[in-house]
Amino acid sequence: MIQVKNSEQVAIMHKAGRITGEALLTAAEHIKEGISTYELDKVIRHYIEKCGAKPSFLGYAGFPGSACISLNEEIIHGIPRRDKILHEGDIVKIDVGAYYQGFHGDSARTFGVGKISDEAQRLIDVTQESFRRGVAKAVAGNRIGDIGSAIFEYASSQGYGVVRRYVGHGVGHDLHEDPEVPNFGTAGRGARLFPGMTIAIEPMINQGTHEVKEKSDGWTVVTADGKLSAHYEHTVLVTPEGEPILLTDVS
C-alpha cells in the first residue's frame with residue numbers, strides 16, 4: 001500500500017533527508033587513494049549517529065555496514081571492508097540511509113577517485129542526467145511509468161545498459177515501501193503520483209550490458225560483463241505545486 005505523508009511527516013523526512021545527504025557528502029570529503037571502504041563507512045556511521053539518527057542499512061536483512069559502498073563494476077550493495085582500498089581512477093558508489101524519528105532518508109552518488117577516465121566521467125554524467133530526466137516526471141497526476149520511461153530512453157540513447165533487476169522504491173516509515181520505481185517502463189502506465197508521496201528514484205546505469213550477477217558474499221551486485229556502473233539517487237517528494245522536492249539534496 002502506498003503511504004502518502006502529511007505535512008508533519010514530510011517535515012521529519014526533510015530532517016532525515018538532510019542527515020542522509022550530509023553524511024554522504026561528509027564521506028565524499030574523505031575519498032582519496034589509499035582509504036578503505038571500511039574507513040568511509042565509519043565516517044558515515046559517526047556522522048549519522050552524531051545527528052541523533054541511526055544508519056538505515058546497518059543490520060537491514062543482516063547487512064553488516066552502515067552504507068553500501070561499491071567500486072567500479074560493482075553496481076550496488078557493496079559491503080565495506082578493510083581490505084577494499086580505493087585507487088586512483090576508481091569510481092565509487094556510496095549509498096546512504098538515515099533513520100530519524102521514525103522515517104528514513106535514502107540517497108546515493110558516484111564519485112571519482114582522483115583523476116578518472118573520460119569514459120568513466122561520461123558514465124557518471126549520463127547517470128545524473130538520467131536521474132534529472134526521471135525526477136522531472138515526478139509530478140502529481142503522472143504515473144510511475146513516466147519516470148522509468150524518461151530514465152530508460154535517455155540512458156539507452158547514450159549507449160548504456162539500464163539495470164532492470166533492481167529498482168527504486170517508496171521511502172518513509174520503512175526503508176522500502178510501495179510503489180516500486182523502475183528505471184524502465186511505459187509512459188502513462190503504473191501507479192499514479194499524488195502529493196505527499198515520497199519515492200527513491202535511483203538509476204543504475206552500466207557501460208555495457210544491463211545484465212547483472214551477485215557475488216558470493218550474498219550482497220554485492222556487479223555487472224555481468226565486468227564493465228563500469230554508476231548510481232545516483234535521491235529521496236523525492238511529490239508536491240501539490242508540481243515541482244518535486246529532493247529531500248536528500250544538500251549540495
Side-chain angles (χ1 to χ4, degrees), residues 1-31 35-70 74-82 84 92-111 166-181 196-202 204 217-221 231-237 245-251:
M1 179 182 295
I2 296 173
Q3 303 292 324
V4 174
K5 282 70 177 181
N6 61 35
S7 58
E8 293 179 356
Q9 293 170 327
V10 167
I12 297 172
M13 288 199 67
H14 267 287
K15 295 176 182 177
R18 188 194 72 246
I19 295 168
T20 301
E22 289 175 351
L24 182 57
L25 294 185
T26 299
E29 293 172 357
H30 289 76
I31 291 175
I35 196 170
S36 70
T37 59
Y38 174 82
E39 291 172 287
L40 289 176
D41 189 70
K42 282 177 59 180
V43 168
I44 291 165
R45 180 172 183 176
H46 174 74
Y47 188 86
I48 291 173
E49 292 179 343
K50 183 181 73 172
C51 294
K54 296 180 180 179
S56 298
F57 303 162
L58 185 60
Y60 183 84
F63 188 76
S66 296
C68 299
I69 307 179
S70 310
E74 297 172 349
I75 303 168
I76 50 172
H77 302 164
I79 297 174
R81 296 170 54 99
R82 295 178 188 271
K84 188 181 286 185
V92 55
K93 285 130 281 182
I94 304 180
D95 191 351
V96 177
Y99 183 67
Y100 180 76
Q101 295 185 3
F103 289 90
H104 294 273
D106 192 3
S107 184
R109 285 179 63 177
T110 304
F111 304 94
Y166 299 90
V167 299
H169 50 89
V171 187
H173 283 299
D174 296 321
L175 182 60
H176 295 97
E177 296 183 347
D178 292 333
E180 289 191 341
V181 185
M197 287 177 64
T198 48
I199 55 177
I201 299 176
E202 53 174 318
M204 293 154 267
D217 62 18
W219 282 101
T220 310
V221 178
H231 184 199
Y232 194 86
E233 174 187 22
H234 279 298
T235 300
V236 179
L237 170 68
I245 295 174
L246 308 184
L247 298 176
T248 47
D249 185 11
V250 296
S251 58

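Computed from a predicted model, the values in this text were never measured in an experiment.
- Proximity of Met197 to Pro179: side-chain heavy atoms (C-beta onward) are separated by under 4.5 Å at one or more points.
- Counting heavy atoms from C-beta outward, Lys5 and Met13 have side chains that approach closer than 4.5 Å.
- Residue Leu24 holds its CG atom at 5.0 Å from OG of Ser107, rounded to the nearest 0.5 Å.
- What you find for Arg109 and Leu25 is that their closest heavy atoms are NH1-CD2, 3.4 Å.
- Heavy-atom minimum distance, Ser70 versus Gly78: OG-N, 3.0 Å.
- By the 4.5 Å heavy-atom criterion applied to side chains, Tyr232 and Ile201 are not counted as neighbours.
- The closest side-chain heavy-atom distance from Glu39 to Pro80 is not below 4.5 Å.
- Here the shortest heavy-atom pairing between Ile79 and Pro64 reads CG2-CG, 3.6 Å.
- Proximity of Val181 to His169: side-chain heavy atoms (C-beta onward) are nowhere separated by under 4.5 Å.
- Distance CZ/Phe63 to NE2/His77: 8.0 Å, rounded to 0.5 Å.
- A distance-only check finds no donor-acceptor pair linking the side chain of Thr248 to the backbone of His234 [under 3.5 Å].
- Taking Phe103 as the reference, His173 meet the ring pair (Phe, Tyr, Trp, His ring centres under 6.0 Å) condition, with sequence neighbours excluded.
- Here the SG-CD1 distance, from Cys68 to Ile75, works out to 13.0 Å after rounding to the nearest 0.5 Å.
- Tyr60 and His176 have their aromatic ring centers within a separation under 6.0 angstrom.
- Here the CG-CD1 distance, from Asp106 to Ile199, works out to 12.0 Å after rounding to the nearest 0.5 Å.
- Shown here are the ring pair (Phe, Tyr, Trp, His ring centres under 6.0 Å) partners of His14, two or more places apart in sequence or in another chain: there are none.
- A distance of 11.0 Å separates CZ in Arg45 from NZ in Lys54, rounded to the nearest 0.5 Å.
- Put simply, the side chain of Thr235 never gets that close to the backbone of Ala200: no donor and acceptor are under 3.5 Å apart.
- Thr20 places no side-chain N or O within 3.5 Å of a backbone atom of Val96 that could act as its donor or acceptor partner.
- The environment of CD in Glu180 is sparse: at most 12 heavy-atom neighbours from other residues, nucleotides or ligands sit within 6.0 Å.
- The shortest distance between side-chain heavy atoms of Ile44 and Ile94 falls below 4.5 Å.
- To the nearest 0.5 Å, the span separating CD on Glu49 from CG on Leu58 amounts to 7.5 Å.
- Looking at every heavy atom in both residues, Ile48 comes nearest to Ala23 through CG1-CB, 3.7 Å.
- Listed for the Glu22 side chain is no donor-acceptor partner under 3.5 Å among the backbone atoms of Ile19.
- Applying the side chain to side chain donor-acceptor pair (under 3.5 Å) test to every pair with at least one member in residues 92-101, sequence neighbours left out, gives no pairs at all.
- Side-chain N or O atoms of Asp178 include one that pairs as donor or acceptor with a backbone N or O of Met1 at under 3.5 Å.
- Closest approach of Asp174 to His104, counting heavy atoms only: C-CD2, 3.5 Å.
- Nearest heavy atom pair, residue Gly105 against residue Ala16, reads N-CB, 4.0 Å.
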